[in-house]
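What follows is a short report on a single structure.
Along the sequence shown, residues carry numbers from 1. All values below were derived from every heavy atom in this structure, side-chain atoms included, with hydrogens, water molecules and symmetry-related copies excluded.
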Amino acid sequence: MTAQLIDGKAIAQKVRDEAAAEVASRTAAGKPQPTLATVLVGDRTDSAAYVSSKGKACLELGMGSISEHLPADATQEQVDALVKKLNADPKVSGILVQLPMPAHIDEERVLSLISIEKDVDGFSPINIGRLAQKGRKPLFVPCTPYGCIYLLEQAGVKIEGANAVVLGRSNIVGMPAALLLIGKNATVTVCHSRTRDLPAVVRQADILIAAIGKMEMVRGDWIKPGAAVIDVGINEKPDATKKKGYRLVGDVNFEEAVQVAGYITPVPGGVGPMTIAMLMRNTLRAAQIQNP
Ligand code: NDP
């Protein structure tokens, strides 16, 4: 069998179009423009590129964008003060602190300072704590795992009662993805670097979310026939035919898995575009919470 491709690019575009329409109707009604403030500390080129693409997405959707940049030697006090200033600024709907920050900055402290109503990345301890508790709802769900679940739902994959395996337990992808799946009544197994016999565990999965950052590690014969495979991994595979000298591949060996799975996300064009789309959705939601 050949798996059905889950087109993240098209689904992300739909999310963005819906958000843009809602932004237009809010601003036409005289409500403040939803605005995302990004905080970049230091000069990592990858972080600068991520922040810039988030700002660009805001403008495309008719949202406001404020980008704050502190030098790599900024002190903890300066970063803390900037977050507090953005918390207090009524023009700012959502705050995104780009990670990782330089090693001397206490990231956990900075994230915990973001006001819960502006925590559009969903990483504050309160939002994550609520995600982990039965009967409580976070104001915002972390964007990448939110995108993974949205893709499954849009593809019509039944989550309730399914055996789901999440590869990876990071704070930004694996763990919140597992919590979301539990919240949707899947039976969830979380795997990590000490998991024994990974292929045998993965073979039980009706739904597989792979977020380990290991190029094409998941092989076709690990996949249960008909399973839904969401590949979060972004890895650079050397490829002399490409201008950059590499192409992007996931944590799953796509060519093998596509022969066995029922549904699969490509890399690129799967989870990647969803992350920014969900950030836009969260920023709009923040504006709706602050100015109903
Ligand atoms: P982290 O490095 O923070 O976490 C990796 C996780 O994978 C850890 O839990 C680690 O286990 C586990 N792991 C590592 N090696 C193995 C192994 N051999 N077997 C089993 N488990 C293993 O990564 P992230 O969660 O930040 O990112 C994961 C991938 O997703 C990366 O490729 C990243 O680029 C991509 N990504 C893509 C995004 C998108 O928008 N598409 C957004 C964010 C990330 P342990 O905890 O034991 O160390």
Original post:
Between Arg247 and Glu236, does a salt bridge (Lys or Arg N to Asp or Glu O under 4.0 Å) hold up when you go through it step by step?
Top reply: CA-CA 6 Å; Arg247 64 190 169 93; Glu236 295 176 0; over 6 Å; no
**OP:** Take Asp221 and Arg219, measure what salt bridge (Lys or Arg N to Asp or Glu O under 4.0 Å) needs, and give me the verdict at the end.
**Re:** CA-CA 6 Å; Asp221 64 358; Arg219 307 300 303 261; 6.0 Å; no
Subject >> Criterion side-chain contact (heavy atoms from CB on, under 4.5 Å) on Glu256 and Trp222, from CA distance to verdict >> reply: CA-CA 10 Å; Glu256 293 177 4; Trp222 298 20; over 6 Å; no
**OP:** Applying salt bridge (Lys or Arg N to Asp or Glu O under 4.0 Å), run through Lys184 and Glu160 and close with a yes or a no.
**Re:** CA-CA 6 Å; Lys184 297 207 173 275; Glu160 180 158 326; over 6 Å; no
Subject >> Phe123/Ile172 under side-chain contact (heavy atoms from CB on, under 4.5 Å): CA gap, chis, key distance, verdict >> reply: CA-CA 7 Å; Phe123 293 150; Ile172 62 166; 3.3 Å; yes
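Remark: Leu5 CG is packed, more than 12 non-hydrogen atoms of other residues, nucleotides or ligands lying under 6.0 Å away. Heavy-atom neighbours of Asp106 CG from other residues, nucleotides or ligands within 6.0 Å: above the threshold of 12. Taking a 6.0 Å sphere around CD of Gln76, one finds it holds more than 12 heavy atoms contributed by other residues, nucleotides or ligands.
Here the rule is side chain to side chain contact (heavy atoms under 4.5 Å, CB included) with Leu208, and of Leu167, Ile230, Ile264 only Leu167 fits it. When each of Thr75, Leu70, Val110 is checked for a side chain to side chain contact (heavy atoms under 4.5 Å, CB included) with Ile105, only Val110 meets the rule. Of the candidates Arg285, Met63, Glu18, Met63 is the only one forming a side chain to side chain contact (heavy atoms under 4.5 Å, CB included) with Met280.
Tracing side-chain contacts under 4.5 Å through hydrophobic residues (I, L, V, M, F, W, Y), one reaches Phe140 starting from Val23; they form part of the same cluster. Residues Val260 and Val157 do not share a hydrophobic cluster, clusters being chains of Ile/Leu/Val/Met/Phe/Trp/Tyr side chains in contact below 4.5 Å. Val39 is not connected to Leu96 by any chain of hydrophobic side-chain contacts under 4.5 Å among Ile, Leu, Val, Met, Phe, Trp and Tyr, and they are in different clusters. Grouping the Ile, Leu, Val, Met, Phe, Trp and Tyr side chains by contacts below 4.5 angstrom, directly or via other members, places Met217 apart from Val267. In the hydrophobic cluster analysis, where Ile, Leu, Val, Met, Phe, Trp and Tyr join through side-chain heavy atoms closer than 4.5 angstrom, Ile207 is grouped together with Ile182.
A donor-acceptor pair under 3.5 Å is absent between the side-chain atoms of Thr144 and the main chain of Val173, judged by distance alone. The main-chain N or O of Ser124 is found under 3.5 Å from a side-chain atom of Asp119 such that the two form a donor-acceptor pair.
Considering only heavy atoms from C-beta on, Pro100 comes within 4.5 Å of Glu107 through its side chain. Counting only heavy atoms from C-beta outward, the side chains of Gln290 and Glu117 approach each other to under 4.5 Å. Between Met274 and Ile11 there is a side-chain heavy-atom pair separated by less than 4.5 Å. Residues Asn253 and Val218 fail the side-chain proximity criterion, which asks for heavy atoms closer than 4.5 Å. Between Val201 and Val165, the closest side-chain pair of non-hydrogen atoms falls below 4.5 Å. Proximity of Ile159 to Leu152: side-chain heavy atoms (C-beta onward) are separated by under 4.5 Å at one or more points.
Atoms CD1 and CG, on Ile95 and Leu86 in that order, are 5.0 Å from each other to the nearest 0.5 Å. Taking CG from Asp231 and CD from Glu216, the interatomic distance works out to 9.0 Å, rounded to the nearest 0.5 Å. Note that CG of Leu99 is 12.0 Å distant from OH of Tyr50, once rounded to the nearest 0.5 Å. Note that SG of Cys191 and CZ of Arg169 are 10.5 Å apart. Values are rounded to the nearest 0.5 Å. Expressed to the nearest 0.5 Å, how far CG of Leu284 lies from CG of Leu279 amounts to 11.5 Å. Residue Lys118 holds its NZ atom at 15.0 Å from CG of Asn282, rounded to the nearest 0.5 Å.
The salt bridge (charged side-chain N to carboxylate O under 4.0 Å, His left out) analysis of residues 22-43, with sequence neighbours excluded, yields no pairs. For residues 128-145, no pair satisfies salt bridge (charged side-chain N to carboxylate O under 4.0 Å, His left out), with sequence neighbours left out.
Ser67 and Thr38 share no side-chain donor-acceptor pair at under 3.5 Å. Using a 3.5 Å distance cut-off with no hydrogens or angles, the side chains of Lys91 and Gln33 do not pair a donor with an acceptor.
Across Gly122 and Asn127, no two heavy atoms sit closer than the pair O-CB, 3.8 Å.
With respect to the salt-bridge test (charged N to carboxylate O, under 4.0 angstrom), the residues Lys237 and Asp239 do not qualify.
Residues satisfying the salt bridge (charged side-chain N to carboxylate O under 4.0 Å, His left out) criterion with Lys158, sequence neighbours excluded, are absent altogether.
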